[in-house]
Amino acid sequence: MTIESLLKERSGKTRLWLVFWVYGVVISQLVFSAILYFYNQLGTTSLAIFLAGFVVYTAWIMNAVWVNAFNVQNEVYGQIARALTVVWAINAVLVSGFLFLGHLGTVTLPI
């Protein structure tokens with residue numbers, strides 16, 4: 001991703017499928033999978049930085065989907081994408097928080 005492509009997503013000129021499926025689903029899953037893979041190998045500070053970066057990226061995706069939601073033929077898909085992205089963002093924040101607390105040892109994690 002270049003600065004130009006980042007600005008394009010904020011201008012509302014990017015196709016929704018690209019923002020939602022590629023940036024929102026595929027890249028988010030790859031980043032979160034990497035965090036889970038290295039979870040036990042990271043120190044607390046490193047994990048906090050990675051989780052904070054993931055939450056910031058999730059906020060950027062939520063904004064990008066919101067701005068580009070109606071770059072589709074059927075506006076219903078834009079509304080669905082917005083709703084799913086808001087739910088994903090809430091989930092990402094909660095899971096990141098619980099993973100961090102689990103790393104600190106304050107909650108028991110299933111992994």
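Here, residue 1 is the first one in the sequence, and each next residue gets the next number. Hydrogens, waters and symmetry mates are skipped; everything else that's a heavy atom, side chains included, is used.
Residue Lys13 comes nearest to Asn68 through the heavy atom pair N-OD1, 3.2 Å, listed as atom of the first residue, atom of the second, then distance. Of all heavy-atom pairs spanning Phe70 and Glu75, the tightest one is CE2-O, 3.6 Å. The heavy-atom pair separating Arg82 from Trp66 by the smallest distance is NH2-O, 2.8 Å.
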Kindly list each side-chain donor-acceptor pair under 3.5 angstrom involving residues 43-54, sequence neighbours excluded, with atom names and distances?
| from | atom 1 | to | atom 2 | distance (Å) |
| --- | --- | --- | --- | --- |
| Thr44 | OG1 | His103 | ND1 | 3.4 |

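One N or O on the side chain of Arg15 and one on the backbone of Asn71 form a donor-acceptor pair closer than 3.5 Å. Listed for the Tyr39 side chain is a donor-acceptor partner under 3.5 Å among the backbone atoms of Leu99.
For the atom pair Phe20 CZ and Ile61 CD1, the distance stands at 10.0 Å (nearest 0.5 Å). Going from atom CD of Gln73 over to atom CG of Leu16 covers 12.0 Å, rounded to the nearest 0.5 Å. Distance check: Trp17 CH2 to Tyr77 OH gives 16.0 Å after rounding to the nearest 0.5 Å.
Under a 4.5 Å side-chain heavy-atom cut-off, the cluster of Ile, Leu, Val, Met, Phe, Trp and Tyr residues that includes Val87 has no other member.
Scored by the side-chain hydrogen bond (donor to acceptor under 3.5 Å, both in side chains) test, Asn91 finds no partners at all (sequence neighbours excluded).
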With side chain to side chain contact (heavy atoms under 4.5 Å, CB included) as the test, would you mind laying out the steps for Tyr23 and Leu18 before giving the verdict?
CA-CA 7 Å; Tyr23 300 156; Leu18 179 65; 4.0 Å; yes
